[in-house]
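It should be emphasised that the depicted structure is a prediction, and the values quoted were computed from it without experimental measurement.
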Amino acid sequence: QVQLVESGGGLVQAGASLRLSCAASGPPFSNYVVGWFRQAPGKEREFVATISRTGVTTSYADSVKGRFTISRDNAKNMVYLQMNSLKPEDTAVYYCAAEAHWDAVVTRLDPYDYWGRGTQVTVSS
């Protein structure tokens, strides 16, 4: 089965940028729809962004549209989340997830089959 490892989180000031990476191992990465989710302390995990198997189609939560960009490089088994104009409300643990059965983007949590352990993003004001 596919294994996912997130990296790139850190502590930044409001307005700064970060790029998160999701490294995959196992079956061909192009077989999976990939999504980014985040969870703040005391809150439920929420959808951030998702990308289709080929990278042609993407979808974003309203809260990050225009600021975040998801991309993938299947040859390198990598998915990225470029986060610009970060806000304190973006503070959360960010998780990478993979889904093996859908053909397009997936915005709900339940369909995802595999999850990474997360990387912390903290945005100070």
Side-chain angles (χ1 to χ4, degrees):
Q1 60 182 26
V2 65
Q3 294 180 319
L4 306 172
V5 179
E6 304 94 336
S7 63
L11 173 63
V12 298
Q13 293 184 345
S17 298
L18 281 174
R19 186 177 71 170
L20 305 184
S21 298
C22 176
S25 62
F29 200 34
S30 59
N31 289 351
Y32 298 91
V33 174
V34 176
W36 285 97
F37 298 81
R38 65 188 183 187
Q39 187 168 20
K43 296 185 177 181
E44 294 186 350
R45 195 167 300 183
E46 65 176 359
F47 166 75
V48 175
T50 183
I51 189 166
S52 64
R53 291 180 171 85
T54 63
V56 173
T57 306
T58 59
S59 183
Y60 299 90
D62 289 340
S63 59
V64 305
K65 285 182 179 178
R67 299 189 298 120
F68 291 9
T69 303
I70 188 171
S71 61
R72 68 190 299 163
D73 186 340
N74 288 336
K76 296 181 178 180
N77 292 338
M78 297 288 290
V79 170
Y80 306 97
L81 184 68
Q82 179 66 46
M83 305 185 295
N84 298 325
S85 301
L86 283 164
K87 304 175 181 179
E89 51 262 44
D90 294 319
T91 296
V93 176
Y94 283 71
Y95 298 90
C96 177
E99 198 279 327
H101 305 293
W102 288 54
D103 295 326
V105 294
V106 181
T107 61
R108 301 177 67 88
L109 278 70
D110 290 347
Y112 284 91
D113 303 297
Y114 307 101
W115 293 80
R117 294 183 178 181
T119 184
Q120 176 71 48
V121 172
T122 303
V123 184
S124 65
S125 59

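The closest side-chain heavy-atom distance from C96 to W36 is below 4.5 Å. Proximity of F68 to L86: side-chain heavy atoms (C-beta onward) are separated by under 4.5 Å at one or more points. With contacts defined as side-chain heavy-atom distances shorter than 4.5 Å, the pair T50/Y112 qualifies.
Here the side chain of T57 pairs no donor or acceptor atom with the backbone of A104 at under 3.5 angstrom.
Taking the ring centre of F37 as origin, the terminal cationic atom of R45 falls outside the region bounded by 6.0 Å and 45° from the ring axis.
When hydrophobic clusters are built by joining Ile, Leu, Val, Met, Phe, Trp and Tyr residues whose side-chain heavy atoms come closer than 4.5 Å, directly or via intermediates, L109 is not grouped with Y60.
From F29, atom CZ reaches atom CE of M78 across 8.5 Å, with rounding to the nearest 0.5 Å. To the nearest 0.5 angstrom, Y95 atom OH is 5.0 Å from Q39 atom CD. In this structure, C22 SG and R72 CZ are separated by 9.0 Å, a value rounded to the nearest 0.5 Å. Rounded to the nearest 0.5 Å, atoms CG (L81) and OG1 (T69) are 8.0 Å apart.
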Stepwise salt bridge (charged side-chain N to carboxylate O under 4.0 Å, His left out) test for R38 and E46:
CA-CA 5 Å; R38 65 188 183 187; E46 65 176 359; 2.7 Å; yes
CA sep, side-chain torsions, deciding dist, call: K87, D90, salt bridge (charged side-chain N to carboxylate O under 4.0 Å, His left out)
CA-CA 5 Å; K87 304 175 181 179; D90 294 319; over 6 Å; no
